[in-house]
Protein chains: 2
Amino acid sequence: MPKSASLHALPAAALSDDKAIELADMFRLLGDPSRLRIVIETLGGPQSVGDIAANLGLSPSLVSHHLRLLRAARLLSPERRGKQIFYRLHDAHIAHVIADMVAHVQEPEHEAAHEEDAAP
Amino acid sequence: MPKSASLHALPAAALSDDKAIELADMFRLLGDPSRLRIVIETLGGPQSVGDIAANLGLSPSLVSHHLRLLRAARLLSPERRGKQIFYRLHDAHIAHVIADMVAHVQEPEHEAAHEEDAAP
DNA sequence: CTTACATATGAACACCTATTCATATGTAAG
DNA sequence: CTTACATATGAATAGGTGTTCATATGTAAG
C-alpha cells in the first residue's frame with residue numbers, strides 16, 4: 001500500500017471499505033431531492049407523514065416509500081401519536097451532519113471555478 | 001419566527017428547492033462507493049488517475065468516467081503534470097465538508113441522543 | 001518519424017430506482 | 001358494529017446509472 005503521506009490537518013484520507021460503503025449508502029439516500037427535502041423538513045422537529053407530504057407537495061404514498069428507506073437506514077425514526085406518525089432524525093449525530101451540509105450550501109459562494117471542458 | 005433550534009444553531013430547516021437540488025446532486029455523486037473512494041483518495045493531496053485506479057483496484061477507464069462527473073460537478077479539478085493528470089479537491093469548502101463526513105463516520109460509536117423539541 | 005504510456009471517450013448492457021396507482025393495514029370516533 | 005382518516009405496502013413502469021470493452025486523443029522519449 002504505497003500511500004502518500006498525510007499532508008496537514010486533514011484526516012488521513014484512508015477509510016476502510018466498509019466505512020466507505022456505509023458512508024456512500026447514506027450519501028445515496030440523501031442524493032434524491034425528495035428524500036433530502038424530507039430529511040431537511042425533520043431538522044425543525046418531528047413531522048407527520050401528512051404534513052411532510054403537504055409541505056413538500058408530494059403524495060403521501062411517495063413520502064411513505066421514502067420514509068421506509070430512511071427508516072431502514074436509521075436516519076429517521078418513527079413515533080406514533082394517535083392516528084398520525086411523526087418522524088424525527090434518528091440521533092444528534094445525523095442531525096449535526098445534515099445541518100452542517102445545509103449550512104455549507106447556504107453560505108455565499110466561495111471561489112470562482114477554474115476553467116473546464118472545452119467543446120469544439 | 002423560526003422554529004426552536006434544539007442543540008446548536010440549527011438552520012431553520014427551510015432550504016430553497018434550488019439549494020436542495022444542488023445539495024442532492026452533490027450527495028448523489030458521493031453516493032457511489034467507487035466515486036466516494038476516489039474523492040476520499042484526493043483528501044491526502046492531488047492524485048494521478050493511474051494511482052487512484054491502482055490504489056482502489058479499479059480500471060483506469062472507470063476511474064476516468066467517474067472523474068468526468070466529479071469534474072463536471074466542480075468537486076475535483078484536474079492539473080496536468082507531464083503525461084499524468086492529477087486531480088484534487090476543487091476548493092477548501094468541499095474538502096471541509098467531505099473531511100467532516102469522514103470524521104463523523106470514523107468516530108467509534110454513535111448512539112441515539114433523545115431530545116424533546118416541539119410537541120403540539 | 002515511431003513507439004510506449006496515460007487518460008479520455010463512446011457505445012452497449014445489465015442493473016437499479018423513483019414514481020404512480022391500487023389496495024391493505026391500523027386507528028380514532030359516531 | 002361502521003365510517004373516516006392516516007399511513008403502509010405491493011406491483012408495474014419509465015428513466016437513470018455504473019460498469020466493461022473497444023477506441024481515440026494526447027504526451028514524452030528513442
Side-chain angles (χ1 to χ4, degrees), chain A residues 2 17 20-21 23-42 46-88 114-120, chain B residues 17 20-21 23-42 46-73 75-88 120:
Chain A
D17 290 2
I21 292 182
L23 230 192
D25 229 51
M26 175 178 169
F27 278 133
R28 187 166 44 78
L29 281 174
L30 299 175
D32 178 72
S34 301
R35 227 145 41 203
L36 178 61
R37 274 186 233 143
I38 291 176
V39 172
I40 292 178
E41 275 289 312
T42 65
Q47 296 276 335
S48 76
V49 180
D51 284 347
I52 295 176
N55 228 328
L56 274 52
L58 304 174
S59 74
S61 176
L62 178 57
V63 172
S64 187
H65 275 295
H66 284 312
L67 286 174
R68 183 222 260 271
L69 297 177
L70 296 170
R71 215 172 49 209
R74 310 232 155 66
L75 267 79
L76 299 185
S77 53
E79 176 190 347
R80 173 141 241 152
R81 271 187 225 175
K83 259 197 287 193
Q84 303 175 332
I85 297 186
F86 286 74
Y87 281 82
R88 60 156 59 174
H114 283 161
E115 71 287 337
E116 63 294 333
D117 48 346
Chain B
D17 291 2
I21 292 180
L23 230 193
D25 229 52
M26 175 178 170
F27 278 133
R28 187 168 46 76
L29 282 173
L30 299 175
D32 178 72
S34 302
R35 227 147 40 205
L36 178 60
R37 275 186 243 149
I38 290 175
V39 172
I40 291 178
E41 275 288 312
T42 65
Q47 296 275 336
S48 75
V49 180
D51 284 347
I52 295 175
N55 251 327
L56 301 177
L58 303 175
S59 75
S61 175
L62 177 56
V63 171
S64 187
H65 274 295
H66 283 313
L67 285 174
R68 183 218 258 274
L69 297 177
L70 296 170
R71 213 173 51 209
L75 268 79
L76 299 185
S77 53
E79 175 191 346
R80 172 139 240 154
R81 253 185 245 176
K83 260 197 286 193
Q84 304 174 336
I85 298 186
F86 286 74
Y87 281 83
R88 59 168 181 139

d([atom1], [X]; [atom2], [N]) in whole Å:
X       : N      : atom1 : atom2 : result
A/Leu67 : C/dT19 : CG    : P     : 13 Å
B/Leu58 : C/dT7  : CG    : C1'   : 15 Å
B/Leu69 : D/dT19 : CG    : P     : 11 Å
A/Ile85 : C/dT25 : CD1   : P     : 16 Å
B/Gln47 : C/dT7  : CD    : P     : 11 Å
B/Ile38 : D/dT19 : CD1   : C1'   : 12 Å
A/Asp32 : D/dG15 : CG    : P     : 17 Å
B/Leu62 : C/dA11 : CG    : C1'   : 16 Å

Sort out the partner of [N] for me: Watson-Crick or G-U wobble, both distances under 3.5 Å, none otherwise.
N      : value
D/dT17 : C/dA14
C/dG30 : D/dC1
C/dT25 : D/dA6

Tell me whether the side-chain N/O atoms of [X] come closer than 4.0 Å to OP1 or OP2 in [N].
X       : N      : result
B/Arg28 : D/dT17 : yes
B/Arg68 : C/dA8  : no
B/Ser34 : D/dT19 : yes
A/Arg71 : D/dT9  : yes
A/Tyr87 : D/dA6  : no

Is B/Ser59 side chain donor-acceptor paired with the D/dC21 base, going by distance under 3.5 Å alone? no
Measure distances between side-chain N and O atoms of A/Ser61 and base N and O atoms of D/dT7, and say whether any donor-acceptor pair falls under 3.5 Å. no
Base, sugar-phosphate, or nothing: which does B/Phe86 touch, judged by heavy atoms less than 4.0 Å apart? nothing
Could you check whether B/Arg81 gets within reach of a base, just the sugar-phosphate, or nothing at all, counting any heavy atom under 4.0 Å? nothing
Considering only heavy atoms from C-beta outward, does the side chain of [X] approach that of [Y] to under 4.5 Å?
X       : Y       : result
B/Tyr87 : B/Glu41 : no
B/Ile38 : B/Leu76 : yes
B/Leu75 : B/Leu30 : yes

Kindly point out which of D/dT17, D/dA28, D/dT9 is positioned nearest to the side chain of B/Lys83? D/dA28
Would A/His65 count as stacking on D/dT9 if stacking means ring centres less than 5.5 angstrom apart and planes tilted under 30 degrees? yes
Between A/Arg35 (side chain only) and A/His66 (backbone N and O only), is there a donor and an acceptor less than 3.5 Å apart? no
Which heavy atom in A/Pro60 sits nearest to a heavy atom in A/Val49, and how many Å separate them? O-CG1, 4.3 Å
Atom pair OG (A/Ser34) and CG (A/Leu58), whose distance is rounded to the nearest 0.5 Å: 5.0 Å
